[in-house]
A.B. asks: 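Have a look at this one before I ask anything.
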Amino acid sequence: MIPTTKRHTAAAVAALAAALSAAPAAAHPHVWVTARSEVLYDGKGEMTGVRHIWTFDAAYSAFAVQGLDKNGDGKISPDELKELAQVNVESLNEYGYFTVAKANGAKVAFTDPQDYGLTYDNGALTLTFTLPVARPARADKLLSLEVYDPTYFVSFAMAEGDDAVRLAGGPSGCKTNVTRPKQPDPAKMQDLSESFFESLSANSTFGADFANRVLVACP
């Protein structure tokens with residue numbers, strides 16, 4: 001019997017492979033995510049982490065949950081998704097958790113995710129996790145936050161509305177501005193081969209062209 005963790009790793013890989021096979025040969029991205037984020041402060045103007053809430057598109061969600069209804073009740077519970085959630089957050093380490101932040105101009109270092117989990121509701125998977133900072137970062141003047149995939153395999157879009165980005169415990173009077181990524185030119189994207197995207201690494205700057213950018217300015 002295949003160990004449970006390996007089974008769920010295989011399920012995650014299979015889901016991505018299925019998404020690839022369903023897409024046109026030269027088309028990117030292959031997975032779409034609607035993102036919400038909560039910036040965490042300690043009440044003294046220092047940033048302590050970011051809480052992400054990422055909802056995946058219906059096609060990817062359907063592939064990812066195949067075979068995970070262990071008790072056969074027709075529902076996918078958070079408990080049944082526990083190991084898949086672990087696989088997801090561990091695999092994000094290679095890409096810096098798709099998160100870049102600067103506090104008062106200084107780059108913020110994050111540690112391993114905490115309080116992570118997956119839910120499956122209305123045909124969509126939602127991954128929630130907290131990224132703690134390695135050390136509290138002074139952010140009482142300006143904080144910048146970017147969310148994007150350097151390889152552009154995954155397309156991130158901040159949710160619409162005022163709840164796309166929230167501040168928890170931040171300094172009073174802070175203003176938040178969200179810049180969502182521009183839509184790529186389909187004609188130009190079709191000129192780029194699948195091998196081009198496969199050659200991109202976590203250090204690539206290509207995906208930064210499609211980054212979600214959040215600025216938090218405080219008086």
A.B. asks: Compare every heavy atom of S61 with every heavy atom of G123, then report the nearest pair and how far apart it is.
C.D. replies: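 Nearest pair, atom of G123 first, then S61: O-CB, 3.5 Å.
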A.B. asks: Sequence neighbours left out, what pairs pass salt bridge (Lys or Arg N to Asp or Glu O under 4.0 Å) with at least one residue falling in residues 37-62?
C.D. replies: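 Found none.
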A.B. asks: Hey, any chance V214 and I53 share a hydrophobic cluster, counting ILVMFWY side chains that come within less than 4.5 Å of each other, even indirectly?
C.D. replies: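 No, no single cluster joins them.
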A.B. asks: Between the side chains of H52 and T99, is a donor N or O closer than 3.5 angstrom to an acceptor N or O?
C.D. replies: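 Per modelled atom types, H52 and T99 side chains form a pair under 3.5 Å.
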A.B. asks: Write down the atom of D69, the atom of G74, and the distance for their closest heavy-atom approach.
C.D. replies: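 Scanning both residues, the minimum pair turns out to be OD2-N, 2.8 Å.
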A.B. asks: For a side-chain contact (heavy atoms from CB on, under 4.5 Å) check, start with the C-alpha distance between T126 and F56, then their side-chain angles and the critical distance, and finish with the verdict.
C.D. replies: CA-CA 6 Å; T126 297; F56 295 88; over 6 Å; no
A.B. asks: Compare every heavy atom of K107 with every heavy atom of K102, then report the nearest pair and how far apart it is.
C.D. replies: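 Heavy atoms of K102 and K107 come nearest at CG-CA, 3.9 Å.
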A.B. asks: Which atom names give the shortest non-hydrogen contact between A159 and A164, and what distance separates them?
C.D. replies: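 Minimum heavy-atom contact is O-CB, 3.1 Å.
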A.B. asks: Count the heavy atoms of every other residue, nucleotide or ligand shown that sit under 6.0 Å from CG of D162, and state whether that count exceeds 12.
C.D. replies: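 No, not enclosed.
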A.B. asks: When rounded to the nearest 0.5 angstrom, what is the spacing between CG in D79 and CG in L68?
C.D. replies: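 Atom-to-atom, D79:CG and L68:CG are 11.5 Å apart.
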A.B. asks: Which is it for V216 and Y41 under the side-chain contact (heavy atoms from CB on, under 4.5 Å) test, yes or no, and what are the steps along the way?
C.D. replies: CA-CA 12 Å; V216 181; Y41 294 84; 3.7 Å; yes
A.B. asks: When rounded to the nearest 0.5 angstrom, what distance separates OG in S37 from CG in L131?
C.D. replies: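 Atom-to-atom, S37:OG and L131:CG are 9.5 Å apart.
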A.B. asks: I'd like to check the side-chain hydrogen bond (donor to acceptor under 3.5 Å, both in side chains) partners of S77; sequence neighbours left out, ordered by chain and number.
C.D. replies: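 Only E80 meet the side-chain hydrogen bond (donor to acceptor under 3.5 Å, both in side chains) criterion with S77.
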A.B. asks: Which pair of non-hydrogen atoms, one from A103 and one from A137, has the smallest distance, and what is that distance?
C.D. replies: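 Minimum heavy-atom separation between A103 and A137: CB-CB, 3.8 Å.
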A.B. asks: Can you hop from V33 to V178 via hydrophobic side chains spaced under 4.5 Å?
C.D. replies: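 V33 clusters together with V178.
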A.B. asks: Is N104 reaching over with its side chain to a backbone N or O of K141, donor-acceptor style, under 3.5 angstrom?
C.D. replies: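 Yes: the side chain of N104 pairs with the backbone of K141.
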A.B. asks: Distance check, rounded to the nearest 0.5 Å: L81 atom CG versus T119 atom OG1?
C.D. replies: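 Atom-to-atom, L81:CG and T119:OG1 are 8.0 Å apart.
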A.B. asks: Are any of the side-chain heavy atoms of Y148 and P181 separated by less than 4.5 Å?
C.D. replies: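 Not in contact.
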A.B. asks: Scan residues 114-123 for pairs that pass salt bridge (Lys or Arg N to Asp or Glu O under 4.0 Å), counting only residues two or more places apart or in two chains.
C.D. replies: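 Pairs touching residues 114-123 that pass the test: none.
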A.B. asks: As a quick check of understanding, evaluate side-chain contact (heavy atoms from CB on, under 4.5 Å) for V165 and M158, giving each step before the final call.
C.D. replies: CA-CA 8 Å; V165 179; M158 280 289 180; 4.2 Å; yes
A.B. asks: Verify the cluster assignment for L167 and V133: are they in a single hydrophobic cluster under the rule of side-chain heavy atoms below 4.5 Å apart?
C.D. replies: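 Looking at the clustering, V133 is in the same group as L167.
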A.B. asks: In Å, rounded to the nearest 0.5 Å, how long is the span from CG of N88 to CD of E83?
C.D. replies: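 Rounded to the nearest 0.5 Å, the CG-CD separation comes to 12.0 Å.
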A.B. asks: Do T55 and T34 pair up side chain to side chain, a donor and an acceptor below 3.5 Å, judged on atom types alone?
C.D. replies: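 Their side chains do not contain a donor-acceptor pair, so the 3.5 Å distance test is not met.
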A.B. asks: Is it true that L125 and F153 fall in one hydrophobic cluster, defined by side-chain heavy atoms closer than 4.5 Å?
C.D. replies: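 Cluster IDs for L125 and F153 match.
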A.B. asks: Does the gap between the ring centers of Y95 and F98 come in under 6.0 Å?
C.D. replies: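 Yes, they do, as the ring centres are separated by less than 6.0 Å.
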A.B. asks: Working to the nearest 0.5 Å, report the span between OG1 of T48 and CG of L40.
C.D. replies: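 T48 atom OG1 to L40 atom CG measures 5.0 Å (nearest 0.5 Å).
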A.B. asks: Taking the six-membered ring where the residue is Trp, are the ring centres of W32 and F156 under 6.0 Å apart?
C.D. replies: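 For W32 and F156, the ring centres are not under 6.0 Å apart.
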A.B. asks: Sort out for me which residue in L118, V154, V147 forms a side-chain contact (heavy atoms from CB on, under 4.5 Å) with W54.
C.D. replies: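 Of the listed residues L118, V154, V147, the side-chain contact (heavy atoms from CB on, under 4.5 Å) partner of W54 is V147.
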A.B. asks: Among residues at least two apart in sequence or on other chains, which ones pass side-chain hydrogen bond (donor to acceptor under 3.5 Å, both in side chains) with D163?
C.D. replies: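 Partners of D163 under the side-chain hydrogen bond (donor to acceptor under 3.5 Å, both in side chains) test: R36.
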A.B. asks: Can you sort out the partners of R138 under side-chain hydrogen bond (donor to acceptor under 3.5 Å, both in side chains), two or more places apart, ordered by chain and number?
C.D. replies: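 Listed in chain order: D140.
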A.B. asks: Using the test salt bridge (charged side-chain N to carboxylate O under 4.0 Å, His left out), find all partners of R180 that sit at least two apart in sequence or belong to another chain.
C.D. replies: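 Partners of R180 by the salt bridge (charged side-chain N to carboxylate O under 4.0 Å, His left out) criterion, ordered by chain and then number, come out as E160.
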A.B. asks: With hydrophobic residues grouped by side-chain heavy-atom distances under 4.5 Å, do V39 and F129 end up in a single group?
C.D. replies: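 They do share one cluster, since a chain of ILVMFWY contacts under 4.5 Å joins V39 to F129.
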A.B. asks: Identify the heavy atoms of S144 and L215 that sit nearest to each other, and give their distance.
C.D. replies: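 Distance-wise, the nearest heavy atoms are CB-CD2, 3.6 Å.
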